[in-house]
S.K.: 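Okay, handing you the structure first.
One-based numbering, in listed order, for ligands and for the atoms of each. Numbers for residues simply follow the sequence, beginning at 1.
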Amino acid sequence: MQAVILVGGQATRLRPLATNTPKAMVPVLNRPFLEYVIRNLSRHDVREIVLAQHHLAGPIEEHLGDGSRFGVSIAYVVEDSPRGTAGAFKNVEKHITDTFIGMNGDIFNDLDITAMLRFHREKNATATIALTPVEDPTAYGLIETDTTGLVKRFLEKPSPSEVTTNMINAGTYVLEPEVLGQIPSDVQVSIERETFPLLVSSGKPVYAFSSSGYWMDMGTPDKYLQLHRDLLAGRSTWYVPGTDAEVLIGEGCSIDPSAEIIGPVMIDDNCTIDPYVRIVGPVVIGTGCVIGEGSDIEDSVIWHNVRLGSRVKLESSVVADNCTLNDNSVIEGGVLGDHVTVSAGASLGPGSMIELGETVG
Ligand code: GTP
């Protein structure tokens with residue numbers, strides 16, 4: 001079985017976290033996000049993966065290599081200009097030999113791909129779109145079906161009075177190669193807004209497969225933080241905590257006995273936690289971080305090689321690689337890109353987005 005994963009988007013909404021880290025490589029519980037996607041495909045017997053790339057292509061191939069570590073083979077195809085979500089599938093057409101899985105590379109889910117494939121074959125579908133329920137569907141594109149799952153209508157960002165379903169496109173598809181024949185070459189085309197509506201209007205059997213498993217579109221820093229809260233609370237099958245308040249400490253860490261750590265907390269290798277530090281989960285800390293004396297961290301994700309001085313307060317925030325937060329600084333609801341420095345005593349409030357390399361305060 002083959003899969004094509006789209007990982008070439010600009011990820012503008014995930015800035016400053018995705019300014020120089022591809023969205024697919026952003027760490028989730030200290031592992032690059034794309035590893036989870038590939039593991040899910042691998043556990044459903046997908047053996048050949050094509051990564052459709054454009055923006056920030058290099059680091060993905062450097063990390064994943066030929067894919068053998070995950071029991072798959074990976075081919076990389078880089079677009080010379082962004083082709084959009086359908087054009088990117090068209091651009092890898094020469095790699096496709098049969099029915100394939102096509103998916104956005106920024107969705108974290110527990111989708112049962114085997115069951116979806118079975119459904120697709122039973123229905124003799126040209127395309128099958130995974131659906132997931134959301135609380136407020138007005139921000140999304142809705143998909144209306146009949147009782148057999150046959151897609152009848154697409155409704156983009158409907159007003160509340162138009163909402164007839166809370167099921168939205170979950171960003172994973174089973175596609176027959178003939179779908180690629182409907183997509184023009186060398187231009188930007190959207191599969192959601194152009195290709196699927198075209199298939200439906202020309203009478204092709206496009207079906208929807210509903211899934212109620214965990215689903216998160218990791219497109220914004222808020223959703224990225226929420227994903228960590230959900231995973232540490234055991235809401236997905238990808239991380240099953242031993243207890244409600246599990247504390248996991250990696251190798252080579254030095255934790256002062258006076259530090260108070262209340263789970264769920266995950267601390268990666270080679271971190272130093274100084275005296276009187278207080279960490280209240282959900283919190284994830286990457287490798288090689290130093291948390292200075294008396295600092296207080298709550299509901300936050302810290303990437304690798306981050307240094308907190310003394311008495312720093314960090315709450316509901318995300319801090320990317322190699323940042324330095326100096327003594328007595330306070331960050332509440334902030335998002336810091338790589339190599340940011342926060343001056344001693346500075347205070348950042350909710351919604352603060354600090355770009356790569358800036359010094360604030
Ligand atoms: P925003 O700029 O924040 O909207 O993010 P994005 O660029 O990732 O766009 P969006 O969330 O709509 O993309 C959904 C998925 O399609 C992501 O996995 C993107 O990487 C991917 N994607 C979007 N546009 C392209 C493209 O032109 N080429 C390729 N190869 N992938 C794309």
S.K.: What residues, two or more places apart in sequence or in another chain, satisfy salt bridge (charged side-chain N to carboxylate O under 4.0 Å, His left out) together with Asp256?
M.R.: none
S.K.: Val174 and Tyr207: same hydrophobic cluster, using ILVMFWY side-chain contacts below 4.5 Å?
M.R.: yes
S.K.: Exactly one of Gln2, Glu48, Arg47 should register a side chain to side chain contact (heavy atoms under 4.5 Å, CB included) with Ser73. Which one does?
M.R.: Glu48
S.K.: Enumerate the protein residues lying less than 4.0 Å from ligand 1, judged by heavy-atom distances, in chain and residue-number order.
M.R.: Leu6, Val7, Gly8, Gly9, Gln10, Ala11, Thr12, Arg13, Lys23, Ala52, Gln53, Glu79, Pro82, Arg83, Gly84, Thr85, Ala88, Asn104, Gly105, Asp106
S.K.: Ignoring hydrogens and geometry beyond distance, is a side-chain donor-acceptor pair present between Asp110 and Ser236 at under 3.5 Å?
M.R.: yes
S.K.: Is the side chain of Thr21 donor-acceptor paired with the backbone N or O of Ala18 at a distance under 3.5 Å, no angle test?
M.R.: no
S.K.: Is there a donor-acceptor contact under 3.5 Å linking the side chains of Gln226 and Asp222?
M.R.: no
